[in-house]
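Just so you know, these numbers come straight off a predicted model, no measurement behind them. Each residue takes its place number in the sequence, starting with 1.
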Amino acid sequence: MRVSARGYRAWTSRPACQRQRTDLKVLTHIREHFALSNGSYGRPRMTMELREAGLDV
């Protein structure tokens with residue numbers, strides 16, 4: 001990929017951006033609600049649950 005070792009190390013040491021942190025937060029909620037529903041929640045109900053939790057999805 002023609003990336004220098006120094007550039008790669010700099011990239012890996014950067015903190016996660018705001019978008020990544022938000023995505024991980026939403027993913028955590030999705031996994032939690034999916035497990036609590038015994039895998040029965042689909043997209044419409046999951047979206048409703050996430051919005052009730054105050055997440056913008």
With hydrophobic residues grouped by side-chain heavy-atom distances under 4.5 Å, do Leu55 and Met48 end up in a single group?
->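 No.
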Taking every non-hydrogen atom, the tightest pair across [X] and [Y]:
{"X": "Arg21", "Y": "Ala16", "answer": "NH1-O, 2.7 Å"}
{"X": "Leu50", "Y": "His29", "answer": "CD2-CB, 3.6 Å"}
{"X": "Ser13", "Y": "Ala10", "answer": "OG-O, 3.0 Å"}

Spacing of [atom1] belonging to [X] relative to [atom2] belonging to [Y], to within rounding of 0.5 Å:
{"X": "Glu52", "Y": "Thr47", "atom1": "CD", "atom2": "OG1", "result": "11.0 Å"}
{"X": "Tyr41", "Y": "Ile30", "atom1": "OH", "atom2": "CD1", "result": "13.5 Å"}
{"X": "Glu32", "Y": "Ser37", "atom1": "CD", "atom2": "OG", "result": "11.0 Å"}
{"X": "Ser4", "Y": "Arg9", "atom1": "OG", "atom2": "CZ", "result": "8.0 Å"}

Chi angles and distances behind the side chain to side chain contact (heavy atoms under 4.5 Å, CB included) call for Asp23, Leu27 | CA-CA 6 Å; Asp23 287 348; Leu27 182 60; over 6 Å; no
